[in-house]
Amino acid sequence: MTKEQRFTVTRWIIFGLVALALIIPIVYNKYIKLPDTSSRVVKNIYDHIESLPEGSSIIMSIDFDPSSDEELRPMVMALLWHAFKKNLRVIGMTIWDAAAGGTLIDIFTTVAKEAKKQDGVDYAIMPFKPGSSAIILMLSQDIFAAYPQDYKKAETRDMPVFKGVKSIRDMKFAMCVSAGQAVDIWIVYGKEKGKMPLGAGCTGVMATDYYPYLQSKQLLGLMGGLGAAAQYEVLIDKRGTATDSMKPQTVVHALIIVLIIIGNIIYFINRQKT
Amino acid sequence: MIKRQIPLMIAFVMGILFIIQFFVPHQLSQDLLTGVNKWLMIIGGISLLLGINSLVHFHYVQIKRETPGWGFSLVMFLCFGLALVAGFLPSIVMWFVEPAKAGAEPVKWLSFIPLIPPFEPGSTLFWIFRNGISPFMATMFSMIGFFIASAAFRAFRARSLEATLLLIAAVIIMLGQTPIGQMLWQGIPDIMVWIFSVPNTAAKRAIWFGITMGTIAFSLRIIFGIERAYLGGTDQK
Amino acid sequence: MTVTPMQILEAWLAVGFTLMIYSFLYKDNPLFKLGEYMYVGLTAGWGVCSAWFNVVWPDLIEPLSRVFKSYLGATLDKPLSHNENLLLLIPLILGILMLTRFSPKLGWLSRYTFAFILGTASGIAIPLTVSANLFKQMEPTLKPLFGKDISAWMTVNTLLILIGVVSVLIYFFFSLEHKGIIKKVARIGIFYMMVSFGAAFGYTVMARESLAIGRMTKLVKWAGQDYYYASIILLVVIAGLIALLEMLSKKSKPADDSTG
Amino acid sequence: MMSYKLSVILTALIIILFLPALAHAQLTPPQEFRAFDTPNDDGKSLSLTWKVSLENDREGVYYVISAAASADGPWYQIDKTLSTIGYKSDFPQYFGFGDDNKLWHFYEASKIPDVMDPITSTAYFRLAVTDGTKTVEFPNMVSFAPQGNWFDKSKINILIFVIIFSSLILFFISLARRNPNLFIRHIPGLDAIEETIGRATEMGRPILYLNGLLDMSSLSTIASTSILGKVARKVANYDSQIKVPCYDPIVMSVCQEVVKEAYAEAGRPDAFKQDNIFFITNDQFAYAAAVDGLIVRHKPAANLYMGYYYAESLLIAETGAATGAMQIAGTDSITQLPFFITTCDYTLMGEELYAASAYLSREPLQLGSLKGQDISKAFIIFVLIIGTIVSTAESLFFIHLFKTF
């Protein structure tokens, strides 16, 4: 075999292995079990929610549109399910226009239905209001000034879900899940003025930009993409789409690492020969 | 003179104008920026004729000379024509139908064409996008999943200290991304966070600073006519 | 859930196109080439429609014709907006200057348009890059080394970032020869960059594989009974076709491996 | 002594604790209510300020702002804001970082065109304070006409740095005119281009050149076309072939012009083939598919990828690597650098892309600008070190200096 032919054959083998590593876990998804692990940045969020006493208020800002739905929806579903299971009171809001209808309301009503929670008592959904940073500043002073009514035009002041809550300072946790700039805005305005613990969720590609905020303790935890959602699904023991797609992911990652190791072994053997 | 000096002057004037524009909050200045951005899009739209001419010419020559594989060029033309017809036909039909609409009977034999403007759900062009273009797009994009494995296999060899660092960082992150990392060692996710917040941040910032300087210097070379490759002239006169 | 005939047709099309492109992983072959040419043709057509219906018609021809109509005294269905004016002649003229490239004699006129675009781009870039790249990166870099809320670990990290930024910048110096102390510092800069690139590579794997998983999941779905085993049948057909074409081309021209 | 201090503290505590209760009884009219043009804006808003007051600024109290198009009304309530938010200090882009900004309330009235006198474009304002039961008004009304501003003072820091860097670079360009012998270090990726072209000629195979996926109004693309000029000149000298598949028709036109001129300068205008610089399509992955096809079918001896790339970088460069071609990439797209580094023989990173055409041309003025760039980078290093020291000394000067709005 010439060098070029060897090269081609190696590529075929690699492509074949990748294809198998993808297809087998997809077809036999049910039979594969991943070890239950979680990284500290994700577990921090879980632990915090777990530590909150029943009836505490938290706020979730859902700031992505349908184009990032596949990556971020499982994360929000898992978080919300956890909060409902702990009997926390959850306020849902958005500072992104495109997230208001489909995404925010849809996720909240779906999960609430499953968890048998009541709108206005256990959770509330706020309408979209323009002026992202101004809204968050206002939330840190007076939540009823920012949102006098919920998305169904019901008076927020009268809702049991807001009992004992005046601003986000009274909230025990804020979580922003975003595919854009919303996390930055929450860090700068929400965390600075509201002083509550802040968690962030974002797409996998964006996550690296937020790691410095973990180091500086401005973020309590960070969830990046489906991987983090899968970890959370494991933590709350409610496995869903994210866990399913993590199986082929794990196999492919392992395959690539093994390939790198084999490549280096070949390299060192060849070097020894010459 | 008119071939060289005037373009250089245009570049200079536009360049200085838009440096100043950045610092002027006045409505006129904002209108100028949005206006010029729109103009650039319009120029691009008109210039597409040049591109299409180039594409059509290339494949026309293939077919005319009957070079091996000229049949593929024919397929290219068919698909190109299909998309064009799907895009333009409803509008053309509407153009003819609309003036007659007042009281006139709708043209029956044309009714099989959905009279929906292109780029709206339900139109034929949209169907072509969903079923003709997007499977190709998704497949090409997903092919990177295969290539990334073969690139990793070939490139990540511990040839030198630099290459070893590249390799180790990549492997740590890949481990940290999946449950395997934690199975091996609890600390891997923490190392991952550290790599992204310290060395990665430092390197990226410095590269950004460099790009800033490169951009300023390069822009100045264009504005002051030192860089004039686009005029053809590469020599400094 | 019932599958409509239309969905089945669409699934068969998608499977066919997907496998045609994936055949490139084996090697270049006529089926990939067919897919490639179809893809180029369709997107070129789509591009023309998009340029016409989204840009040239609504942003140039329609407003300009309204402007002329109003100058000719015709009544308009709604008054001219403030960006509907004769200034739109400028992009029209610049666009026409581009089209002079069709004529070998007048082609140089397109340089006016080039100069316009390049000059504008350069002018916009200078203040923008200072504000968006330099300032945005500078502010978080200038962190205090010590202070009451700053642990020793944070001090170390701040210092490491500072060393990294400086050494990478030194690597990029063009007028300093890489030898002596400069070489050592520049090498540290390279180390930082290599760690950063390796990390970014490793991190991107997941995003890219998720697309491959998405595609594979669809293929698996389309291999089912509801879609009349589209993936399986077409896989066999396409593999068979490639093998057949390969045998034919070997017979006709044994030594030549280029498909043109 | 001790008891004296204690009593002072106690008194202060009592005052602080009971002040709100005392104040609860009454509201005072807002003090020093003023209207003026909002600085640094396009002329669409007016600014209102008034003094912070101990009696008014507490929970449950709101300021009510009304506006009218004339002094006689009719008045419209335009906003009702919490008395505990909205200070001048929240808007350093208008008022800087001074401490006394905390003593002023600030309100930006941005929807005034509805309540503006259509001829003089003046708007009139009234201010009241209310706790829900009682309302007290500021005695007078204020008025002002908004104007568009011609200089954004909040961007003065950017202006200063633009001037510093530009003058450094221009100074070194002019210096190079007088003293053309400048030292520039070797850039291996660029030195390899010459060798590559020679190899391509020997093998009788073409060279592939890509300009990236952005249009002509991106500086990376401009830099790429300008490198193409230098490369094409060498290609013409070696009597080799260069193929440039393009993603954008304007980029294609510029490339045709650049390459044509390069052939003319090399004294071989007849060897220029316009059809070698062609347009494919402006769709990211269709372009990548076509370039992949081109690479495997024509097997170029060398692939040069200059400009800005997205995810398709690996699709193209990995295919190129599989054909065994020499590959040189240059990009300022940081996210794609790892993929070029792993698949190409040489990679120009970030600003090296912008320096490449100067390096290849060897023109003194161009090289002078590189020198200017270096000095600017040295200046940045200096600012970084000084800035860190100053920040450690708990001064916010540098943090404020690099603030953008």
Side-chain angles (χ1 to χ4, degrees), chain A residues 7 10-19 21-22 33-43 204 207-216 222 224-228 230-231 234 243 246-268 270-271, chain B residues 121 134 137-139 141-160 163-205 207-208:
Chain A
F7 193 76
T10 320
R11 272 166 62 92
W12 286 346
I13 296 171
I14 293 173
F15 293 157
L17 288 173
V18 173
L22 293 172
K33 256 207 87 180
L34 288 179
D36 297 343
T37 54
S38 60
S39 62
R40 185 175 301 170
V41 287
V42 175
K43 194 150 184 298
T208 56
D209 295 339
Y210 294 122
Y211 277 106
Y213 293 115
L214 290 169
Q215 203 89 22
S216 61
L222 176 68
L226 274 178
Q231 290 180 18
V234 169
T243 314
M246 267 319 277
K247 292 170 189 173
Q249 283 286 5
T250 309
V251 178
V252 172
H253 276 77
L255 172 72
I256 295 178
I257 293 167
V258 170
L259 285 174
I260 293 174
I261 295 170
I262 294 174
N264 277 284
I265 294 173
I266 297 172
Y267 170 71
F268 277 105
N270 283 346
R271 207 172 63 171
Chain B
S134 85
M137 198 186 281
T139 311
F141 205 168
S142 72
M143 222 152 68
I144 305 175
F146 292 85
F147 282 12
I148 212 168
S150 69
F153 172 74
R154 214 185 40 256
F156 291 144
R157 304 269 161 96
R159 285 190 196 90
S160 59
T164 313
L165 282 173
L166 186 78
L167 152 75
I168 291 174
V171 171
I172 289 177
I173 302 299
M174 276 191 264
L175 286 173
Q177 285 278 73
T178 55
I180 325 166
Q182 281 207 318
M183 270 163 60
L184 294 177
W185 183 43
Q186 282 295 320
I188 287 210
D190 293 329
I191 298 183
M192 179 170 147
V193 173
W194 181 82
I195 287 179
F196 278 119
S197 42
V198 178
N200 181 56
T201 304
K204 267 194 183 166
R205 275 187 194 151
I207 296 175
W208 272 121

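Residue numbers begin at 1 in each chain, while the letters A, B, ... track the order of the sequences.
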Student: Is it true that the NZ or CZ of Arg157(B) lies under 6.0 Å from the centre of Phe153(B)'s six-membered ring and within 45 degrees of the ring axis?
Tutor: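 Because its charged atom sits under 6.0 Å from the ring centre and within 45° of the axis, Arg157(B) does stack over Phe153(B).
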
Student: Using every non-hydrogen atom in the two residues, find where Ile260(A) and Met174(B) come nearest and quote the distance to one decimal.
Tutor: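 Ile260(A) and Met174(B) have their closest heavy atoms at CD1-CE, 3.8 Å.
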
Student: Just by modelled atom types, is the Ala163(B) backbone N or O under 3.5 Å from a matching donor or acceptor in the Ser160(B) side chain?
Tutor: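 Confirmed, Ser160(B) side chain pairs with Ala163(B) backbone.
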
Student: Non-hydrogen atoms of chain B under 4.5 Å away: do they reach the side chain of Leu259(A), the backbone, both or neither?
Tutor: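 Answer is both: backbone and side chain atoms of Leu259(A) are under 4.5 Å from chain B.
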
Student: Can you sort out the partners of Ser39(A) under side chain to side chain donor-acceptor pair (under 3.5 Å), two or more places apart, ordered by chain and number?
Tutor: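 With sequence neighbours excluded, Ser39(A) shows a side chain to side chain donor-acceptor pair (under 3.5 Å) to Gln231(A), given in chain and number order.
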
Student: In terms of ring plane angle, is the pair Phe146(B) and Phe15(A) parallel, tilted or perpendicular, where the classes change at 30° and 60°?
Tutor: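 Answer is perpendicular, since the angle exceeds 60°.
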
Student: Ile256(A) vs Val252(A), test: side chain to side chain contact (heavy atoms under 4.5 Å, CB included). Steps then yes/no.
Tutor: CA-CA 6 Å; Ile256(A) 295 178; Val252(A) 172; 4.1 Å; yes

Student: Heavy-atom cut-off 4.5 Å, strictly under: side chain, backbone, both or neither for Ile195(B) against chain A?
Tutor: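 For Ile195(B), no heavy atom lies under 4.5 Å from chain A.
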
Student: Using distance only, find each side-chain donor-acceptor pair of residues 179-191 of chain B under 3.5 Å and give its atom names and separation, not counting sequence neighbours.
Tutor:
| unit_1 | atom_1 | unit_2 | atom_2 | d |
| --- | --- | --- | --- | --- |
| Gln182(B) | OE1 | Ser38(A) | N | 2.7 |
| Gln182(B) | NE2 | Ser38(A) | O | 2.6 |
| Asp190(B) | OD2 | Arg40(A) | NH2 | 3.2 |

Student: Tell me, for Arg159(B) versus chain A, whether the close heavy atoms (under 4.5 Å) come from the side chain, the backbone, both or neither.
Tutor: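 The answer is both parts of Arg159(B).
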
Student: Given the options Val18(A), Asn264(A), Ile14(A), which has more heavy-atom pairs under 4.5 Å with chain B than any of the others?
Tutor: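 Looking at each of Val18(A), Asn264(A), Ile14(A) in turn, Asn264(A) comes out on top.
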
Student: Given heavy-atom pairs under 4.5 angstrom as the criterion, report whether the side chain, backbone, both or neither of Thr201(B) touches chain A.
Tutor: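 Just its side chain gets close to chain A.
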
Student: By a 4.5 Å heavy-atom criterion (distance strictly below it), what part of Ala230(A) contacts chain B: side chain, backbone, both, or neither?
Tutor: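 Ala230(A) has no heavy atom closer than 4.5 Å to chain B.
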
Student: Pick one of side chain, backbone, both or neither for Tyr213(A), based on which atoms fall under 4.5 Å of a heavy atom in chain B.
Tutor: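 Answer is neither: Tyr213(A) stays 4.5 Å or more from chain B.
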
Student: Please flag which part of Phe7(A) lies under 4.5 Å from any non-hydrogen atom of chain B: side chain, backbone, both or neither.
Tutor: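 Contact with chain B involves the side chain of Phe7(A) alone.
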
Student: Which region of Leu22(A), side chain (C-beta onward) or backbone (N, CA, C, O), has a non-hydrogen atom less than 4.5 Å from a non-hydrogen atom of chain B, or is it both or neither?
Tutor: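 Only the side chain of Leu22(A) comes within 4.5 Å of chain B.
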
